[in-house]
Amino acid sequence: MTHRQDLLQAFDALLEPERFKDYGPNGLQVEGRDAVKRVVSGVTASRALIEAAVARRADAVFVHHGLFWRGQDGRVTGWMKQRLALLLAHDINLYAYHLPLDAHPELGNNAQLGRHLGLRATARFGEQDLGFLGERADGAGFADSEALAAHVRGALGREVTCVPGHAGPIRRIAWCTGGAQSYFESAIAAGAQAFLTGEISEPQAHYARECGVTFLACGHHATERYGAPAVAAHVARELGLEHEFVDVDNPA
Ligand SMILES: [Zn+2]
């Protein structure tokens with residue numbers, strides 16, 4: 001059992017949100033009860049995740065995608081009303097960490113995705129140093145773009161979109177989870193032979209072909225499934241709390 005505020009301090013101490021310029025508030029987004037014993041983690045503070053937290057009698061929810069983002073109109077209607085109503089009715093604390101959760105060097109989304117794919121980061125690149133650059137942890141390379149895509153497909157259990165730009169074996173791989181397709185150009189500048197992220201937009205296919213660097217879109221949700229449970233489990237262990245990760249399936 002811990003106090004809501006002590007849990008916030010533990011997350012803040014680990015993730016250092018003050019170091020980031022972000023698209024929404026990091027930390028405690030919705031205040032619930034004082035005493036926290038059970039934490040549910042997930043990727044997004046969707047209604048399905050909040051309902052799962054209610055069913056598990058959680059005192060706190062820890063997510064990557066919280067409720068409040070820059071550019072929202074601020075009205076509490078529709079889906080926002082429903083999510084907030086559930087949290088408030090059940091007195092559940094909502095903690096959300098966006099870029100700080102992507103960035104953490106061991107427990108964050110990028111670090112944990114790299115680990116899941118058997119990649120070791122040797123450098124960082126891009127805005128706010130969010131991009132990871134490295135190679136296979138076992139020192140081997142991939143025979144070609146298709147071999148890399150097949151590896152990722154198997155590891156994530158989902159289809160990936162691969163635009164093979166680089167011809168031949170691939171060793172230097174860059175990655176940045178979620179909707180980080182705009183990091184592709186800095187990955188190219190950093191010397192990557194392939195770049196993995198969650199989503200693709202129209203320009204990236206052309207950059208891949210014209211710059212000779214392979215682009216892989218592996219799913220926004222699928223690439224961001226690993227940071228939240230790693231951080232929540234770590235902090236729960238530290239404070240003696242119960243923790244469970246709930247993966248709400250998302251085709252995106
Ligand atoms: Zn995301």
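Whatever order the structure lists them in is the order used to number ligands and atoms, beginning at 1.
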Glu224: its N/O/S atom lying closest to the Zn ion (ligand 1) (atom name):
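It is OE1 of Glu224.
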Any N/O/S atom, side chain or main chain, of His98 closer to the Zn ion (ligand 1) than 2.8 Å?
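Not a single backbone or side-chain N, O or S atom of His98 is under 2.8 Å from the Zn ion (ligand 1).
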Would one find an N, O or S atom of His64, in either backbone or side chain, under 2.8 Å from the Zn ion (ligand 1)?
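No, outside the cut-off.
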In this structure, are over 12 heavy atoms from other groups packed under 6.0 Å from Glu127 atom CD?
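No - once you tally the heavy atoms of other residues, nucleotides and ligands closer than 6.0 Å, there are 12 at most.
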Do the side-chain N and O atoms of His221 and Asp249 include a donor-acceptor pair separated by under 3.5 angstrom?
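Checked: His221/Asp249 side chains show no N/O donor-acceptor pair below 3.5 Å.
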Are Ser201 and Gln181 linked by a side-chain donor-acceptor pair shorter than 3.5 Å?
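Yes, Gln181 and Ser201 have a side-chain donor paired with an acceptor closer than 3.5 Å.
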Decide, yes or no, whether a salt bridge links Arg4 with Asp34 under the criterion of side-chain N to carboxylate O below 4.0 Å.
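Answer for the salt bridge query: yes.
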